[in-house]
Each structure stands twice: as structure tokens, then as C-alpha cells.
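Take a look at the structure set out below.
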Amino acid sequence: MAENTETKEEVVTKNFIENEIDKDLQEGVYDKVVTRFPPEPNGYLHIGHAKSIILNQGLAKEYNGTFNLRFDDTNPQKEKTEFVDSITADVEWICGEKPPVYFASDYFDTMYECAVKLIKKGKAYVCDLSPEEIREYRGTLTEPGKNSPYRERTIEENLQLFEEMREGKCEDGSRVLRAKIDMASPNINMRDPIIYRVAHLNHHNTGDKWCIYPMYDFAHPIEDAVEWSTPSICTLEFEDHRPLYDWVVRECEFEVPPRQIEFAKMYLTNVVTGKRYIKKLVEDGIVDGWDDPRLVTITALRRRGYTASSIRKFMELCGVSKSNSSVDYAMLEYCIREDLKMSESRMMAILDPVKLIIDNYDEDSIEYLDVPNNQENEELGTRKVPFGREIFIEREDFMIEPPKKYKRLYPGNEVRLMSAYFVKCVDYKTDEAGNVTEIHCTYDPETKSGSGFTGRKVKGTIHWVAAKTAKTAEVRLYENIVDEEKGVYNEDGSVNVNPNSLIVKNNCYIEPALAEAEPGDKFQFMRTGFFCVDTKDSTKEKPVFNRIVSLKSSYRPN
């Protein structure tokens, strides 16, 4: 019988942006893909921005193109070098490399020249209407606007007035430069939009060189055109701005006009992404900064212990579409669990300790046991963990009167100490309030883990830390900052803060190896969750661990 050598071709599914790019390349609209992430440096990036970063970088890689980070720094009133630095670091972290960095302010001379060109073509004019009057003249969604009384100024007068604006002879708000398009357009964005305003402000990049600044809708298409960025990927709220985008690049006569394509933003349930809300949380001391691990700013996710690869996986699962939708926060947690479960060591840490004493174990002995670093990944090897007569276990792992099916330690019951021995509870002590202060056990030396003992079985296994060699640490247990049952915001616009969003546990006990961890190092704490060493507050003298995510997941992939 002849062997069937036919192979099935792999079916490659592309999103609508890739389909548009394929069509444009085939038709010669442009011959090279150049994408960019264009943030305004007026705050910190959040998880929603990561979608645009990953999408634009991914498209550039897919088509052998170039990906740029370009700051749209046209509003010096709200921009700071602090934000430039944080955004640059976040983008480099997500991308795994530092992309070329550009600034809109690098092109202010070009933008000014474009504005002069529009004036000379009779496509722009200087307007003296006040901001209130401009709004009044603009019209409504159902009524056309009215022409400004300054709309028919001569080209010569407009050139002179615009030069006076540049020379600082005009007060803020007294004059603007407007594009001359169509005050009756059904698209309000095309009703003679403002393209330059007077603003005597110091700019983080250009200092005091300019006292006039371009508006975003005018600057953005010029930046794209100068950098040959095409396609220009933006979110759906800019769809109505596309006719103005096209008008600018056409009237400014760029050789290869960029093409704008819109996609849907990514909305995550029960999180706070609005800059003014986060700023309020910071100012009110509810969080300890823009990098507080309860937030979903990129810098906060990094500090909490999320990995760039987990965020990229999350965005891959979300996909790219033209329809706005919300994604469950549990999906993001699923992605970090999947990313860490095979790659990180599983260590022993006791967050709510109670002492267990093995009465028949030698009081002075310290034994070093072989413990696998990750039971599901043998390549991570083993480590030596000290064991002694006195150990700490989790308080929840012992009950005086246990319920049915309780498999851990209680009077008369025997359990395995993980990677160690069987122990049997023979006694316990309590304080005046009835809280257990000591548990007394005996151990069976024949039951050492790895010895091949098969004499009997136990139903429960608990983890532990040897008291004599234990190190103390602070452990921070994070939950979503939003009280999910009440919704994200109160009626007054404030955030419904979850009272349990941060629980700090002091005097936790960790095995010695954990005390040597460096800031940012990640681990799984046995049966508790994934943790990382805090990059802000942790020291060798006082280690601080942030819980990245618990072990239990409410999300299941399709």
C-alpha cells in the first residue's frame, strides 16, 4: 500500500488589520510597514496601552518593518520628563528591546512650515474668536456651524498674524490658527478645527523656543507622515477624526500619506485606568504611588511581579477587533499563572505560623533534606532545606475538632511533612483565649521522603519551615483595589475601594534560601500563591514579598 505523503497546509488566520496591510502592500499604497506607539507623556501607561504596544510591535515584526516609540508631546501644560522616562521603561520592558524613540516636538519646525503652507494655499486662517464663541459658532450634531467673521482674512494678513503669534505678541487664548474646511460639514471635526493655539509654557523638550503649539489632530498625521508611519493604528474614538487626518496629510502634500486604521480598545473588568482616578487614589494616600501593585499601570504590574510574556499572552487571547468589549480580570491572572507555574521554584513560607514540636527528634540536630524546586519541572533540580525538632506550620493546617474530610493535622492524626517525615499529633497547648500555641508530635524516622517507605499511607501533606534557621519576612497579599460587589465607582465619582485590597502580614517565616532572593525574583509559595520580592521596599534585613496571584483560578480557557 502506497504511503500517503500528502500534508495538510497550515491555516493562518489573520485579523482585519493584517488583511488591510496585505491589501495595501499588494496595491503599492506603501512598500514598507512602519508602526508606532504614540503616547502623550502626561501620565503612566496602564494595561490598556499594552495592547497597542504589543499590536504595533507585532505587526512591524511580522512584516519585517520598523516599530517606533513616539511621544505626542504637544501639550506642555500636562507633560513631564518623569512620564517620558516611565513610559520609555515600560515600552522597553514589554517589547523586550528599546525601540527608536522620537518626539512630536522634534517636528515642531516642520509643523510650523505645514501651517504656513496651508495659510498660503488659503486653507488656514487666524481667528480672534474667544473659546466660548468658537464653541457657539461650531454648531451642533443637528445644526451646521457658522463661519467665523475672521474666516475671510487675506493670506498676507493671516501670515502676519500667525508670525506675531509665534513671536509671542499674543496672549494665551486671544488667537488661534484654524483650518478652513467646511462649517456645515456633518462631521463636527471638519468644522474649521483649531490647529495652533498660543501657550506661553516651558516645554520639557524644547524649553522656551515656542509659545505656540499644534493641536493633536494637526500634529499627529504630520508626525506619522514624517516618520513614514503606515499604517497608523489607533483606537475607535479616532474614527470620526480620520477625515481630518486625511485632509491634513493631503493638503500638506506629503509624498507618502499615511493611512489610519482603527481598532477597539481593551476594557478590563473591575479595574481603575482613568488617570484622574488613579491620581486621586495617590493624592489621598489610598495607594502608595502610581506603581502600587493594586493598580493596573504597567509599572504597578511590573512591581507586583507580572511578566511581559504573560501580558503578551493575555493580549493574544484578547485578540484584535473593531468592536469594544470587556475582558474578565481573571483571564490576566490565568496568563501569569500559566507563565510561572513551570518556570519558578516552589518554596516553603509560613504566613500564619504556629509552632510544631517533634518530641522524639533530637533537640540539637539540624538535618538537610533534598527538596525538589518544582515537582512538575525536574530541570529546575533540587535544593537543601534545613529540618529540625521545632518547625512552623500554617495555623490552618491544624484543627482541634476538624470537620469531616479534613486531611491535615489534628489530635491523633498522622500527616506527611513535605519532603520530610510522617508526624502524628500527640498533644497541643492553647492560650487563655483558646488559640493553639504549640502542637506536639512524634515522627517516624522510617518514613523519610525518598526512602521508599511503603508501610502505610497518610492522606494529608503539609509544608513547614524549620524554626532554628527560619528567616522573617513581610508578606503583602493583594486583591483588586475595586470592591467588585459595589462596582468600580460611587455616585460621586470616587472609587469603591475594596477594604481587603491589601493585607500585610508581618513576622512570616521563610526558608533561608528565600532570604537571599533579589528584588524582582519570583517564586511559588507552597499552597499559597505566586510571589515576588518587592522592588521598592524589600531589603536584605527585611525581605518584602508581594503576592502576584493566588493559586486558584476562576477562569478557564476555551
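Keep in mind that the numbers below use all heavy atoms, side chains included, and drop hydrogens, waters and symmetry copies.
- For D73 (side chain) and S105 (main-chain N/O), a donor-acceptor pair under 3.5 Å exists by modelled atom type.
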- Task: List the steps and the verdict of ring-ring contact (aromatic ring centres under 6.0 Å, His included) for F238 and Y216.
- Result: CA-CA 11 Å; F238 291 100; Y216 178 87; 5.7 Å; yes
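- Heavy-atom minimum distance, A300 versus L295: CB-O, 3.6 Å.
- Of the candidates V544, L477, L514, V549, F531 forms a side chain to side chain contact (heavy atoms under 4.5 Å, CB included) with just one, namely L477.
- Residues E438 and I357 have side chains in contact (heavy-atom distance under 4.5 Å, counting atoms from C-beta outward).
- Across all non-hydrogen atoms, the minimal contact from D521 to F523 is CB-CE1, 3.9 Å.
- Judged by distance alone, with hydrogens and angles left aside, the side-chain atoms of N506 form no donor-acceptor pair with the main-chain N or O of E474 at under 3.5 Å.
- At a threshold of 4.5 Å between non-hydrogen side-chain atoms, the residues D397 and W464 do not count as touching.
- Listed here is the closest heavy atom pair of P293 and N546: CG-ND2, 4.2 Å.
- Here the straight-line distance linking atom CD1 of I462 with atom CG of L417 works out to 5.5 Å at 0.5 Å rounding.
- A salt bridge links R456 with E414: the closest approach of a Lys/Arg side-chain nitrogen to an acidic carboxylate oxygen falls below 4.0 angstrom.
- Of all heavy-atom pairs between C508 and K505, the closest is SG-O, 3.4 Å.
- Salt bridge status for E390 with K355: present, with a side-chain N to carboxylate O gap under 4.0 Å.
- The two atoms that bring N507 and P353 nearest to each other are O-CG, 4.0 Å, heavy atoms only.
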- How far apart are the C-alpha atoms of R303 and D537, what are their side-chain angles, what is the distance that settles it, and do they pass the salt bridge (charged side-chain N to carboxylate O under 4.0 Å, His left out) test? CA-CA 10 Å; R303 181 180 171 193; D537 299 329; 3.3 Å; yes
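- Side chains of V296 and V272 form no contact here, defined as non-hydrogen atoms less than 4.5 Å apart.
- Taking the six-membered ring where the residue is Trp, F387 and Y361 present perpendicular rings, their angle passing 60° and hence far from 30°.
- Proximity of V327 to Y267: side-chain heavy atoms (C-beta onward) are nowhere separated by under 4.5 Å.
- R304 contributes a side-chain N or O that, together with a main-chain N or O of I548, makes up a donor-acceptor pair within less than 3.5 Å.
- Counted within 6.0 Å of NZ on K429, heavy atoms from surrounding residues, nucleotides or ligands total 12 or fewer; the atom is thus considered open.
- The backbone N or O of P402 sits nowhere less than 3.5 Å from a side-chain atom of R408 that would complete a donor-acceptor pair.
- The number of heavy-atom neighbours closer than 6.0 Å to CD of E283, taken from other residues, nucleotides and ligands shown, is above 12.
- A donor-acceptor distance shorter than 3.5 angstrom exists from the side chain of Y213 to the backbone of L201, with no hydrogens or angles considered.
- For the pair F37/L45, a side-chain contact is recorded, criterion being any heavy-atom separation below 4.5 Å from C-beta on.
- By the 4.0 Å N-to-carboxylate-O rule, D339 lies too far from K313 to be salt-bridged with it.
- Ionic pairing of K424 and D444 is not present here: no N-O contact between side-chain nitrogen and carboxylate oxygen is shorter than 4.0 angstrom.
- Taking CE from M347 and OG1 from T528, the interatomic distance works out to 13.0 Å, rounded to the nearest 0.5 Å.
- Residues E344 and N374 have side chains not in contact (no heavy-atom distance under 4.5 Å, counting atoms from C-beta outward).
- Of the inter-residue distances, the one linking D90 atom CG with R302 atom CZ reads 5.5 Å to the nearest 0.5 angstrom.
- Using a 3.5 Å distance cut-off with no hydrogens or angles, the side chains of S52 and N56 do pair a donor with an acceptor.
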- Report the C-alpha distance between F103 and H204 in whole Å, list the side-chain angles of each, state the deciding distance to 0.1 Å, and finish with yes or no for side-chain contact (heavy atoms from CB on, under 4.5 Å). CA-CA 11 Å; F103 294 86; H204 75 94; 3.8 Å; yes
- Message: Between S323 and S321, is the side-chain hydrogen bond (donor to acceptor under 3.5 Å, both in side chains) condition met? List the steps.
- Response: CA-CA 6 Å; S323 302; S321 74; 5.1 Å; no
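- For the atom pair I298 CD1 and D291 CG, the distance stands at 13.0 Å (nearest 0.5 Å).
- R395 contributes a side-chain N or O that, together with a main-chain N or O of V436, makes up a donor-acceptor pair within less than 3.5 Å.
- Comment: E518 engages K540 in a salt bridge, judged by a side-chain N to carboxylate O separation of less than 4.0 angstrom.
- When side chains are defined from C-beta on, I286 does not count as touching S501, because their heavy atoms never get closer than 4.5 Å.
- Between E367 and K448 there is a salt bridge, since a side-chain N of the basic residue sits under 4.0 Å from a carboxylate O of the acidic one.
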- Message: salt bridge (charged side-chain N to carboxylate O under 4.0 Å, His left out), that's the test. Do K341 and E376 meet it? Break it down for me.
- Response: CA-CA 8 Å; K341 70 178 183 180; E376 293 184 68; 5.5 Å; no
- Message: Please determine whether side-chain contact (heavy atoms from CB on, under 4.5 Å) holds for the pair M348 and S419, giving the CA-CA distance in whole Å, both sets of side-chain angles, and the decisive distance to 0.1 Å.
- Response: CA-CA 11 Å; M348 290 194 278; S419 299; 5.6 Å; no
- Message: Between N360 and I358, is the side-chain contact (heavy atoms from CB on, under 4.5 Å) condition met? List the steps.
- Response: CA-CA 6 Å; N360 62 333; I358 304 173; 3.5 Å; yes
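- Contact detail for G48 and M266: the closest heavy-atom pair is CA-CE, 4.1 Å.
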- Message: Go through it in stages, so that I can follow the logic: the residues are F83 and Y44, the test is ring-ring contact (aromatic ring centres under 6.0 Å, His included), and I'd like the CA-CA distance, side-chain angles, deciding distance and then a yes or no.
- Response: CA-CA 6 Å; F83 299 140; Y44 287 74; 5.6 Å; yes
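- A donor-acceptor contact shorter than 3.5 Å is absent between the side chain of R389 and the backbone of E363.
- Side-chain atoms of K471 do not come within 3.5 Å of backbone N or O of T469 as any donor-acceptor pair.
- S310 contributes no side-chain N or O that, together with a main-chain N or O of C335, makes up a donor-acceptor pair within less than 3.5 Å.
- More than 12 heavy atoms of other shown residues, nucleotides or ligands fall within 6.0 angstrom of atom CD in E237.
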- Message: The test is side-chain hydrogen bond (donor to acceptor under 3.5 Å, both in side chains); show your working for T66 and R36 and say whether it passes.
- Response: CA-CA 8 Å; T66 304; R36 81 288 174 270; over 6 Å; no
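- Once rounded to the nearest 0.5 Å, the distance linking CD of E333 with NZ of K552 reads 13.5 Å.
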- Hey, mind stepping through L268 and F314 against side-chain contact (heavy atoms from CB on, under 4.5 Å) and telling me if it holds? CA-CA 11 Å; L268 201 57; F314 172 64; 3.6 Å; yes
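- Remark: E262 CD to K322 NZ distance equals 4.5 Å, nearest 0.5 Å.
- Side-chain contact between R383 and E511: present, with at least one pair of heavy atoms (C-beta onward) separated by less than 4.5 Å.
- More than 12 heavy atoms of other shown residues, nucleotides or ligands fall within 6.0 angstrom of atom CD in E97.
- Salt-bridge annotation for K78 and E40: absent, with no side-chain N of the basic residue lying under 4.0 Å from a carboxylate O of the acidic one.
- Remark: the backbone N or O of A420 is not paired with any side-chain donor or acceptor of S449 at under 3.5 angstrom.
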